[in-house]
Amino acid sequence: MLKGRHLIDPCEFTLCELEEIFGLADSIIHSPERYSGICENKLLASLFYEPSTRTKFSFDAAMLRLGGQVLGFSDPNTSSAAKGESLKDTIITIANYVDVVVVRHPREGTAKLLSKHSPAPIINAGDGGHQHPTQTLTDLLTIRHYKNQLNNHCLAVCGDLKFGRTIHSLVLAMDRYEGVNFIFISPEELKMPSYIKESLRNPYVETNNLDAGIASADILYMSRVQRERFVSEDEYVRLKDYFILTKDKLQEAKKDMIVMHPLPRVNEIADDVDTDERAVYFQQTKFGMYVRMALIIKLLGLE
Ligand code: CP
């Protein structure tokens, strides 16, 4: 039962509950008109304490396409946070006005904290370098679409594995499926955190060689170096172009491999990859809207 639940970490939902969301997303993709008024008279608050294009716009588009309405901010300085109001007081107030709240914040654990004070479902839209659950729902729906299932894949994740919250959420979520193995491709300075590696039940290897990683992957998940999480700008500049995926490099990849990226892209995928049929990162953004439509319906108990 997903009605009234918060989404803080995708692993808090069972595999059956995730499949319910994906099944509904499939249904929305095939018959969007059936769902166009389902959220009439419902309000979604969208609280973005960090910049966003995809997550904010796809949530807004999702709610509007369902017939609901959206209010909120993408600059917290326009709210009473600028006068020193606490997050707790902010959420207790806003939860009085709306039916569901989406929040992105630079500090790890913020969505969890807000969920303790909110009667309305809280959806974590990214908390610092920790987790990004709705990106993971997007990623799983995309993999399920192109690969027909979520079991038995070699998933290579490449880039900033230290700070990349989309990577952390995805790896932990994919580890729940059978027959999955991971290739962690990163510079030494941006390796996957130990707490994640130690929790995995499926096998993984680590490398700093993109070419070696590409050859055996079924899914190549690229990510940008997370400039906003670096203490030193010089260190960021030194590492930011460590990996650049080009069309030439894809010659070594399987013909049915897919290339994913949560976006935004900075420089880690060359533009010439966009026309390769294995590049699915822009289609991925569309799956993000559909899966968020399904999530909103489920959390509001409207199906
Ligand atoms: N993938 C993602 O979270 O993109 P935005 O930062 O643009 O929302």
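All ligand and atom numbering here is 1-based and tracks the order in the structure.
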Review point. Applying a 4.0 Å heavy-atom criterion (strictly less than), which segment of L263 is in contact with ligand 1: side chain, backbone, both, or neither?
Key: backbone

Practice item. Assess the side chains of Q135 and D139: does a donor N or O sit below 3.5 Å from an acceptor N or O? Key: yes

**Study point:** Those atoms of ligand 1 less than 4.0 Å from some heavy atom in T53
**Key:** 5 (P), 7 (O), 8 (O)

Check your understanding: Heavy atoms, side chains only, cut-off 4.5 Å: are I29 and F287 in contact?
Key -> yes

**Study point:** Protein residue, atom and distance nearest to atom 4 (O) of ligand 1, heavy-atom basis
**Key:** R54 NE, 3.1 Å

Practice item. Say whether T285 and R54, considering side chains only, have a donor N or O and an acceptor N or O under 3.5 Å apart. Key: no

Check your understanding: Looking only at non-hydrogen atoms, which of E50, R104, K56 approaches atom 6 (O) of ligand 1 most closely?
Key -> R104

Check your understanding: What atoms of ligand 1 come closer than 4.0 angstrom to any heavy atom of Q135?
Key -> 1 (N), 2 (C)

Review point. For ligand 1, which atoms, with element, lie under 4.0 Å from some heavy atom of P262?
Key: 1 (N)

Check your understanding: Just wondering, are more than 12 heavy atoms of other shown residues or ligands nearer than 6.0 Å to CZ in R65?
Key -> no

Point to revise | NZ or CZ of R104 within 45° of F48 ring axis and under 6.0 Å | key: no

